[in-house]
Amino acid sequence: MVKIKELFKIKSKCDLFLINWALMNNCNYKCSYCHPDLNSGSIKAPSYEVVVNFVENISSDAKKLGLTPYFEFGGGEVTLLRYFSKLIQLIHENGGLVCIVSNGSKSLSWWRENAEYLNGVSLSYHVNDIKDENHFTEVAKTLESSKNTRLHVNVMMDPQKFNDCYLYAQRLKEQVKCSIALQPLFEGFGHGGITQKYNYTDKQESLMKSFRGWPDEKNLPEPRSFLDIEYIDGLKGTVSTFDLLINDQVNFIGWDCYAGVESIVITFAGEIYRAWCMQDGSIGSIYDTGIILPVKPTRCRTKICQCGADLSSTKINKRLIEQLDNSIAVTQIL
């Protein structure tokens, strides 16, 4: 477990500019733990022309910073979007990277045809809504066989069906080489901010912390969710965003956060923010002719940093550094 009080710096291991984009809120699943804002289809998706214009502009901005544009698309279920295949092919051909979050329900032929444009896929297993467990497993196998695709699976751990979820995770681990997380659920997800984690027993908490999949053995860059960490005593290490999440080490109040400087998020309505905490308000819209990205970090005021996109942004505890410097100064005077 990471000792959060001794940490002073967290930084992604990749030279990427992240665009985490909630592209559409239409979904073919209606999970009880997802707010209707995430799956009702109440907001019209932007046109292909608007999306392409923004992709080209933000990619240009990222490259000027010496960073590779990295698009993480979520929803809703983004594979339902009629122009999605054309969009990810365009990004791929222009040197960008694409990762998506999906429930895996699209046909096997779709996954086979589009895997080459997907640098990362995070499949979500939803025990109450999944139509065909075997299909989900076959999609995972298809992505496992894609040499350029990093596959991760989140098994969404509904406390009411915890054992069913756990047993499926074990079956998947026996058949597919990929990272697998038993993902705890949070109250307030998708509407009004995270308030608290669902109730789990101590045994369930222990299982979620200890369960892992297998390394995929692919020669690919490490995902953005792998973070370099530095301790105040000079020690260094590596941790994943899931490690921070599962161990409830997600309170960075008072830290300097570089979300907005090295990453942005985009809502279903096209509004652009530093992060999903939406701290400091909107910095623009995909419908604007141009946006000015922040160049300085913000001081964190959010109690629970739950989203992987937010967690993977650089964070520095400057107050801890200042306290240490003051302590050293006092010692020297004495």
Test your reading of the model: is there a side-chain donor-acceptor pair from K218 to the backbone of S146, 3.5 Å cut-off? yes

Centroid-centroid under 6.0 Å between Y198 and Y33 rings: no

When you compare the side chain of N114 with that of F84, does any pair of heavy atoms fall below 4.5 Å? no

Side chain D288, main chain I291, donor-acceptor under 3.5 Å: no

Is there a path of hydrophobic side-chain contacts, each under 4.5 Å between heavy atoms of I, L, V, M, F, W or Y residues, that connects Y273 with I292? no

Face-on cation placement of K106 at W111 ring, 6.0 Å and 45° thresholds: no

Do V295 and V261 have side chains that approach each other closer than 4.5 Å (heavy atoms only, starting at C-beta)? no

Does either side chain, that of S240 or that of D243, offer a donor lying less than 3.5 Å from an acceptor on the other one? yes

Between E77 and S102, a side-chain donor and acceptor under 3.5 Å: yes

Could you verify whether a donor N or O on one side chain and an acceptor N or O on the other, from N28 and N103, lie under 3.5 Å apart? yes

Return yes if a side-chain donor-acceptor contact under 3.5 Å exists between S42 and D37, otherwise no. no

So, do M156 and D158 sit near enough that their side-chain heavy atoms are less than 4.5 Å apart? no

Salt-bridge test for K141 and E138: reply yes if a basic N is under 4.0 Å from a carboxylate O, no otherwise. yes

Pairwise side-chain contact, L38 with C27, heavy-atom cut-off 4.5 Å (strictly under): no

Does the N148 side chain pair with the main chain of A115, one donor and one acceptor, at a distance under 3.5 Å? yes

S179 versus H152, side-chain donor and acceptor atoms under 3.5 Å: yes

Decide, yes or no, whether a salt bridge links D310 with K315 under the criterion of side-chain N to carboxylate O below 4.0 Å. no

Residue pair L185 / P159, side-chain heavy-atom distance below 4.5 Å: yes

Can you confirm whether M278 sits close enough to T267 that some side-chain heavy atom of one is under 4.5 Å from a side-chain heavy atom of the other? yes

Is N119 reaching over with its side chain to a backbone N or O of V98, donor-acceptor style, under 3.5 angstrom? yes

Going by the angle between their ring planes, with limits at 30° and 60°, are F71 and F73 parallel, tilted or perpendicular? parallel

Do the side chain of N20 and the main chain of V265 share a donor and acceptor less than 3.5 angstrom apart? no

Value rounded to 0.5 Å, distance of CG in L227 from NZ in K11: 10.0 Å

Verify same cluster id: L118, L90 (apolar side-chain graph, 4.5 Å): yes

Mind checking whether I286 and M24 sit in one hydrophobic cluster, side chains of I, L, V, M, F, W, Y counted as touching below 4.5 Å? yes

Look at the side-chain heavy atoms of Ile, Leu, Val, Met, Phe, Trp and Tyr, link any pair under 4.5 Å apart, and say whether I91 and L220 land in one connected group. no

Donor-acceptor under 3.5 Å (N94 side chain, G96 main chain): no

Ignoring hydrogens and angles, state whether a donor on the side chain of Q89 or E93 is under 3.5 Å from an acceptor on the partner side chain. yes

Give a yes-or-no answer on whether the side chains of S85 and E113 include a donor-acceptor pair shorter than 3.5 Å. no

Quick one: does K197's side chain get under 4.5 Å of D248's, heavy atoms only? yes

Among L7, I316, I10, N317, find the one that has a side chain to side chain contact (heavy atoms under 4.5 Å, CB included) with F252. I10

Measuring only between side-chain heavy atoms, which start at C-beta, is I19 closer than 4.5 Å to I266? yes

Validate the cation-pi geometry between K173 and F211: distance from NZ or CZ to the six-membered ring centre under 6.0 Å, angle to the ring axis within 45°. yes

Under a single-linkage definition using a 4.5 Å side-chain heavy-atom cutoff for Ile, Leu, Val, Met, Phe, Trp and Tyr, are L293 and W21 assigned to the same hydrophobic cluster? yes

Is it the case that the side chain of E144 and the backbone of K177 share a donor-acceptor pair, with hydrogens and angles ignored and the cut-off at 3.5 Å? yes

